[in-house]
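Only heavy atoms go into these numbers, but all of them, side chains included; no hydrogens, no water, no symmetry mates.
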Amino acid sequence: MITEIIDRLKAKAPALVAVLPAEDIDALSKGTSPKSGTAFVLPYREQAEPNEFGTGTFRQRVAVQFLVAFVIRRHDDAKGGKKVSFFDEIKEDIEKALAGWSTDPTAEPCELVAAQAAPLGNGVTAYVQTWQTGRYLEN
């Protein structure tokens, strides 16, 4: 699923400089900061619901959450006002690319759950969005 999301963002979010997979959001702040406008797609959480059927067939819905984090770098912006204008453009591209889109025909459409900015220091800020979709386990 992560690969499909990355491909979708590369194709439909032109404001992004690059789109890469990542495993851990903390690695973005601890490592070398990526180029401004780079986005990362990370797996986040899966929450399964009970099996819909009592006997025989098995069908279980799984809510799948993933993160899309993008980085803005401005060293001449002590208060962050200039970075905010970049957030809007990139955020809008990501939302247009993902809202209502499904990774495959059997998956539920993507929905935005939450978002938050996080200053990483040295003129770098990450903006992290939590997205949700759903899939089914069937047997």
Original post:
Excluding sequence neighbours, so at least two apart, what forms side-chain hydrogen bond (donor to acceptor under 3.5 Å, both in side chains) with Gln132?
Top reply: Gln65

Original post:
Does Asp93 use its side chain to pair, donor to acceptor, with the backbone of Ala15 at less than 3.5 Å?
Top reply: yes

Subject >> salt bridge (Lys or Arg N to Asp or Glu O under 4.0 Å) partners for Glu89, two or more places apart >> reply: none

Original post:
How would you list, by chain and number, every residue that makes a side-chain contact (heavy atoms from CB on, under 4.5 Å) with Ala48, sequence neighbours excluded?
Top reply: Gln60, Val62

Original post:
By side-chain hydrogen bond (donor to acceptor under 3.5 Å, both in side chains), which residues pair with Glu46, not counting sequence neighbours?
Top reply: Arg135

Original post:
Could you give all pairs that pass the ring-ring contact (aromatic ring centres under 6.0 Å, His included) test and reach residues 102-130, with sequence neighbours left out?
Top reply: Phe70-Tyr127, Phe87-Tyr127

**OP:** List in chain and number order the residues that pass side-chain contact (heavy atoms from CB on, under 4.5 Å) with Asp104, two or more places apart in sequence or in another chain; answer none if no residue qualifies.
**Re:** Thr106, Ala107

Original post:
Which residues pass the side-chain hydrogen bond (donor to acceptor under 3.5 Å, both in side chains) test with Glu111, sequence neighbours left out?
Top reply: none

**OP:** For Ile90 and Gly37, work out which heavy atoms get closest and say how close.
**Re:** CD1-CA, 3.9 Å

Subject >> Thr3: side-chain hydrogen bond (donor to acceptor under 3.5 Å, both in side chains) partners, not counting sequence neighbours >> reply: none

**OP:** Not counting sequence neighbours, which residues clear side-chain contact (heavy atoms from CB on, under 4.5 Å) with Lys12? List them please.
**Re:** Arg8, Ala97

**OP:** List for me each residue that meets salt bridge (Lys or Arg N to Asp or Glu O under 4.0 Å) alongside Lys10, sequence neighbours excluded, and say none if there are none.
**Re:** none

Subject >> Counterpart residues, salt bridge (Lys or Arg N to Asp or Glu O under 4.0 Å), relative to Glu49 (two or more places apart) >> reply: Arg61

